[in-house]
Amino acid sequence: ATLEERLEMAAEMAPLGVTGIEAHYPVEVNQENAHLYRKLQEDTGIRLVAVPFSHFFDKRFEFGSLSNPDPAVRDHAIEIAVGGLRLIRDLGADMAISWPGMDGYRYLHGTPFMAMWDRFEGAMAEAMDQVPGVRIAIEPKPYEPAANNIYRTTAEGILAAQRIEARLRHPDNRRLLDQGHPLVGLNPETGHVKMGFEMLPAAFSLVGLEGRLAHTHWNSQPDGNYDQDNNVGVVNPHEAEALLYSLWAMGYGGWFGIDINPENIPVRKAVELNVRALRRMKERVARLPHEEILECHLRPADHRGELEEILIDHL
């Protein structure tokens with residue numbers, strides 16, 4: 001579909017509860033077509049929320065983008081990041097998303113890990129200092145399309161965020177950091193987290209503990225396996241609901257990005273089903289006896305078997 005056709009499809013989803021959209025820079029959104037996204041917001045209220053960098057698919061990024069050992073390729077990746085950050089500032093989007101799909105490594109022996117991380121994080125800090133005050137959310141993933149992605153786990157993404165922030169030099173960025181505003185957050189994606197055999201509520205809570213939960217992407221996925229992007233709650237529904245419970249408990253007020261690949265379902269129907277799944281999970285979580293559940297966790301010796309009973313009766 002053309003961009004205009006895709007945005008028309010998005011507009012038709014406003015009655016389902018869709019209020020935001022993401023678009024990759026510069027492949028899907030750029031300075032030339034930004035007016036189409038402004039019109040979408042004016043007509044439907046659906047605003048551009050996040051702008052992921054197009055740091056993959058391009059042949060030039062065969063050996064990585066911001067971590068590429070070729071300075072010319074790395075400079076091109078920085079140009080994309082700078083252009084995306086400027087567009088976010090101009091359009092009033094919330095953040096950039098950095099999914100370094102082609103950055104990483106294949107073999108373990110002799111891989112210069114520290115140099116790889118240093119190149120990526122230095123390049124990202126350079127781009128952020130050229131357009132200060134715009135937040136970036138890193139999206140970790142264990143593998144695909146790189147054999148091993150540069151940040152395989154949630155913890156690795158958090159450490160990268162800390163190191164990138166430490167390298168920022170622009171006075172506006174330093175001022176924001178000194179005021180307690182994280183500029184590098186994470187966009188954990190449920191499928192990627194499960195590909196790494198992590199537990200959803202624990203992984204997202206770890207990001208929340210660090211104050212770096214900038215955004216969330218939702219689908220479903222078995223442990224390991226390839227990145228399937230199944231509909232929300234179809235695989236591991238109880239764990240997805242436990243994640244929703246944790247986000248509610250920590251007061252998460254951000255976006256729920258539906259990140260799916262509806263190969264066998266019409267797009268509008270797929271979005272409708274995912275919105276419904278999230279709402280149903282929210283309704284079930286709201287009905288839980290929260291004080292009783294907390295008592296079971298805080299005084300387990302006095303409530304043997306009660307948590308199990310609650311879960312049996314309510315889920």
Side-chain angles (χ1 to χ4, degrees), residues 1-58 61 80-99 101 131 134-137 139 145 187-192 214-221 227-234 240 253-282:
T2 66
L3 176 62
E4 289 81 1
E5 290 171 334
R6 279 181 275 166
L7 292 180
E8 185 177 340
M9 292 168 62
E12 294 172 354
M13 296 177 196
L16 303 178
V18 174
T19 54
I21 193 172
E22 300 175 29
H24 293 81
Y25 178 88
V27 175
E28 294 172 322
V29 64
N30 50 59
Q31 283 75 10
E32 285 69 39
N33 63 23
H35 65 281
L36 297 176
Y37 292 87
R38 291 191 180 96
K39 187 175 188 305
L40 176 69
Q41 181 173 354
E42 291 170 1
D43 293 345
T44 68
I46 298 176
R47 56 183 288 262
L48 185 65
V49 172
V51 178
F53 301 135
S54 294
H55 279 162
F56 47 93
F57 292 132
D58 191 320
F61 299 138
I80 289 177
V82 169
L85 292 173
R86 285 175 176 157
L87 187 72
I88 289 166
R89 185 183 59 192
D90 294 343
L91 290 179
D94 293 352
M95 76 205 78
I97 293 177
S98 174
W99 172 57
V131 192
V134 182
R135 174 179 282 186
I136 286 180
E139 185 172 330
N187 173 43
E189 198 240 69
T190 58
H192 297 177
H215 194 51
T216 60
H217 273 177
W218 288 74
N219 48 48
S220 65
Q221 168 81 20
D227 191 8
Q228 296 182 356
D229 287 338
N230 297 306
N231 280 8
V232 174
V234 175
W255 296 87
F256 288 72
I258 297 173
D259 186 353
I260 58 171
N261 184 21
E263 291 181 337
N264 310 114
I265 308 174
V267 174
R268 191 183 191 283
K269 183 66 173 179
V271 172
E272 178 185 353
L273 291 172
N274 282 267
V275 171
R276 191 192 308 174
L278 285 165
R279 286 176 170 164
R280 291 288 172 83
M281 283 192 284
K282 178 182 176 182

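Just so it is clear, the structure is predicted and the values come from calculations on it, not from any experiment. Residue numbers run from 1 in the order of the sequence given.
Asn274 meets the side-chain hydrogen bond (donor to acceptor under 3.5 Å, both in side chains) test with Asn231; sequence neighbours excluded. Not counting sequence neighbours, Glu32 has no partner by the side-chain hydrogen bond (donor to acceptor under 3.5 Å, both in side chains) test. With sequence neighbours left out, the side-chain hydrogen bond (donor to acceptor under 3.5 Å, both in side chains) criterion links Asn30 to no other residue.
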**OP:** In sequence, state the C-alpha distance, the side-chain angles, and the governing distance for Glu42 and Arg38, and then conclude on salt bridge (charged side-chain N to carboxylate O under 4.0 Å, His left out).
**Re:** CA-CA 6 Å; Glu42 291 170 1; Arg38 291 191 180 96; over 6 Å; no
**OP:** Could you walk me through whether Leu7 and Lys39 pass the side-chain contact (heavy atoms from CB on, under 4.5 Å) test, one step at a time?
**Re:** CA-CA 10 Å; Leu7 292 180; Lys39 187 175 188 305; over 6 Å; no
**OP:** Give the C-alpha distance, both sets of side-chain angles, the deciding distance and a yes or no for side-chain contact (heavy atoms from CB on, under 4.5 Å) between Leu87 and Tyr37.
**Re:** CA-CA 12 Å; Leu87 187 72; Tyr37 292 87; over 6 Å; no
**OP:** I would like to know whether Arg276 and Glu272 meet side-chain contact (heavy atoms from CB on, under 4.5 Å); could you show each step before the answer?
**Re:** CA-CA 6 Å; Arg276 191 192 308 174; Glu272 178 185 353; 3.4 Å; yes
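With Asn187 as the fixed residue, the side-chain hydrogen bond (donor to acceptor under 3.5 Å, both in side chains) test singles out one of His192, His217, Glu22: His217.
Within the model, atoms CZ of Arg6 and CG of Leu36 stand 11.0 Å from one another, a figure rounded to the nearest 0.5 Å. We find the CE-CD1 distance between Met95 and Ile136 to be 11.5 Å, quoted to the nearest 0.5 Å. Rounding to the nearest 0.5 Å places NE2 of His215 at 8.5 Å from CG of Asp94. To the nearest 0.5 Å, the span separating CD1 on Ile46 from OG1 on Thr19 amounts to 7.5 Å. To the nearest 0.5 Å, atom NE2 of residue His24 and atom CZ of residue Phe57 are 7.5 Å apart. With values rounded to the nearest 0.5 angstrom, Thr44 atom OG1 is found 12.0 Å from Glu8 atom CD.
When all heavy atoms are compared, the tightest approach of Leu40 to Ala11 is CD1-CB, 3.9 Å. When all heavy atoms are compared, the tightest approach of Ala214 to Arg135 is CB-CD, 3.8 Å. Across Pro262 and Ala270, no two heavy atoms sit closer than the pair CB-CB, 3.5 Å. Of all non-hydrogen atoms in Phe56 and Trp99, the two that sit nearest each other are CE2-CE3, 3.5 Å. In terms of heavy-atom proximity, Ile80 sits nearest to Pro26 at CG2-CD, 4.1 Å.
Panel note: side chain Glu189, backbone Gly191; a donor-acceptor pair is recorded below 3.5 Å. Under the 3.5 Å distance criterion, the side-chain polar atoms of Ser54 are matched with a main-chain donor or acceptor of Tyr25. In this structure, the side chain of Arg47 engages the main chain of Gly92 through a donor-acceptor pair within 3.5 Å. Counting only distance, with no hydrogens or angles, the side chain of Ser98 and the backbone of Pro52 share no donor-acceptor pair below 3.5 Å.
For Asp259 and Asn219, the side-chain atoms include no donor-acceptor pair closer than 3.5 Å.
Between His55 and Phe53, the ring-plane angle classifies as tilted under the 30° and 60° cut-offs.
Residue Arg280 qualifies as open at atom CZ: its count of foreign heavy atoms under 6.0 Å is 12 or below. The 12-atom threshold is exceeded at CD of Glu12, counting heavy atoms of other residues, nucleotides or ligands nearer than 6.0 Å.
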